[in-house]
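Computed over heavy atoms, backbone and side chain alike; hydrogens, waters and symmetry mates excluded. For ligands, and for the atoms within them, numbers begin at 1 and follow the listed sequence. One-based numbering along the sequence shown.
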Amino acid sequence: LGVGLCSDVLTFPPGFMFGAATSSYQVEGGWNASDKSMSIWDTFVHEHNEIIADGSTGDIACDSYHLWKRDIEMLKELGVDFYRFSISWTRLVPTGHINRISEDGKRYYNNLIDGLLMKGIEPAVTIYHWDLPQHLQDLGGWTNPYISDWFADYARVVFSLFGDRVKIWITINEPIVICDIGYGTNAIAPGTVIPDKIGTYLCNKNLMIAHAKAYRIYDKEFRPKYHGMISIVNQLFWFAPLSLEDTHATNLALQNVFGRYTHPIFSKEGGWPADIERIVAINSEKQGYYASRLPAFTKEEIELVRGTFDFFGMNHYTSRLVRERHNGENVIPHPLLYDKEFNYVFEMHPDWKTATNGWLALYPEGFRYLLQYIKKQYGDVKILITENGYATDTRQGLVDDDRIEYYRTYIEQMLLAIKEDGVNVIGYTAWSLMDNFEWMDGYKSKFGLYEVDFSNPHRTRTPRKSVKFFADLIKNRQLNGTDKYKSELYSWH
Ligand code: PNW
């Protein structure tokens, strides 16, 4: 860790919360248990298993549908303040509409929530983490404007069933992945590629409205009796200009990747980021479209969405350098590489070490810059880090020194943002509690503090060295003293 940082800087502020996270499709399994219906991920992995790196599915995953008691034990061992998990829409509300609630679905989440509370662990619940009911996808999914009502109805069911015990709510996890990747590439479900980002932009707008309706329902009907907090979670990379000439491109990338999903909610004026709205309108006209491909918000919709947050939920993993595309340069448009609409290209710095999954480059300072940027954009908002973590592969085993190093250096930068820059970070969540179904990487990318043996029918969980590191960090509430986890100073066992 940085030389000369006094111990005060490396101590967490009073009341700071620590958590660990998972999501329903990635850990639960039980894909067709009881009356559960198919989600878009059940369909996707069964119909397109060539897209998943190891041809696997989440049919059983970590089997948390049966092993949730062990999960609670692990959380207790870690000593976390909260557990972030998500609710499977198709398990709780099988038709996707709220005409029928599943008794088994209800029982599963009640058991989990009560079990956590009994051990003094707070549930932090994501209402939607990518597993849309297939029934709703058949009606257009997130591109159908009625999705905002379907989602709001489902959210109301969730609040009324669990709101007495759940005080931290997340409506939707990572809209950028849902809309830009889900409706712009075939890499993740539904994998419906609609040209010219028509699907992506429809999804973007409908999702903003869906989130806002759920927030308003909580605010009006449930907050007065339950006093919880609720927001949305965005996935943010840090973007830095490759050279001084690239500041314009970088600014566009920030507005396109953050702004399209944060500006409508967190900015004072609401609505789309101005540059994005203008550029898409010009491009659409040139392409012969009658109206902008980015659907406009009405005045009422701007007001509906604006201010619908109690905190800023953020997943952060990595950074990119941004530059303008060179004249005549041929790059394949992809949300993680090149944006045709705004003509910017992402690169990684040659000095950044990358994790085995390819996209996760290590640049801890980017975390601090990002936190500073959020404060600059949206003022003194409370920030909850809802995911941060590192991927290893099958060769890693239990001595995960590189994961520990990732956590130490990233958490150090977060502490600097809190202590030196006055950024109001209220909590931090490690992704993930255990190895799980890592979407298109299948079980090849391992983000777990706990290792899971996927060849064992009991899905045995074993703590990695990083569990010890985290347990110490959480117990002592400071980064001081974690140097001993450096590989050369510490021997496992
Ligand atoms: C997040 N990328 O997804 C999700 O919220 C988790 O479900 C997931 O397991 C975790 O991060 C680790 O990947 C991401 O390609 C998926 O840039 C892909 C990317 C980033 C985040």
For N315, which part has a heavy atom under 4.0 Å from ligand 1: side chain, backbone, both, or neither? side chain
Consider every N or O of W130 and every N or O of ligand 1, then say whether any pair is closer than 3.5 Å. no
What is the nearest protein non-hydrogen atom to atom 12 (C) of ligand 1, stated with its residue, atom name and distance? E438 OE2, 3.3 Å
What I want to find out is whether D42 reaches K36 closely enough, with some N-O distance under 4.0 Å, to be called a salt bridge. yes
D131/R91 salt bridge by N-O under 4.0 Å criterion: no
State whether E122 and K167 are salt-bridged, where the test is any N-O pair (Lys NZ or Arg NE/NH1/NH2 against Asp/Glu carboxylate O) under 4.0 Å. no
Nearest 0.5 Å, what's the CD1-CZ distance between I404 and R464? 11.0 Å
At less than 4.0 angstrom from any non-hydrogen atom of F447, what atoms of ligand 1 do you find? 12 (C), 13 (O)
Heavy-atom proximity to atom 3 (O) of ligand 1 ranks first, among R320, H129, E174, Q235, for E174
Using a strict 4.0 Å cut-off to heavy atoms of F237, name the atoms of ligand 1 that fall inside it. 17 (O)
Taking only Lys NZ, Arg NE, NH1 and NH2, and the carboxylate oxygens of Asp or Glu, determine whether E405 and K353 approach each other closer than 4.0 Å. no
Does the pair E73/R70 count as a salt bridge with the N-to-O cut at 4.0 Å? yes
For V177 and ligand 1, answer yes if some heavy atom of the residue is under 4.0 Å from a ligand atom, otherwise no. no
Using a 4.0 Å heavy-atom cut-off, say whether L336 meets ligand 1 through its side chain, its backbone, both or neither. side chain
Spacing of W272 atom CH2 and L294 atom CG [to the nearest 0.5 Å]: 4.5 Å
Numbering as shown, the atoms of ligand 1 that approach Y317 to under 4.0 Å (heavy-atom distance): 10 (C), 11 (O), 12 (C)
Is Q26 in polar range of ligand 1, meaning some N or O pair under 3.5 Å apart? yes
Protein heavy-atom partner closest to atom 4 (C) of ligand 1 - residue, atom, separation in Å: E387 OE1, 3.4 Å
Ionic contact status for K382 with D310, cut-off 4.0 Å: no
closest protein heavy atom to atom 18 (C) of ligand 1 is W359 CZ2, 4.0 Å
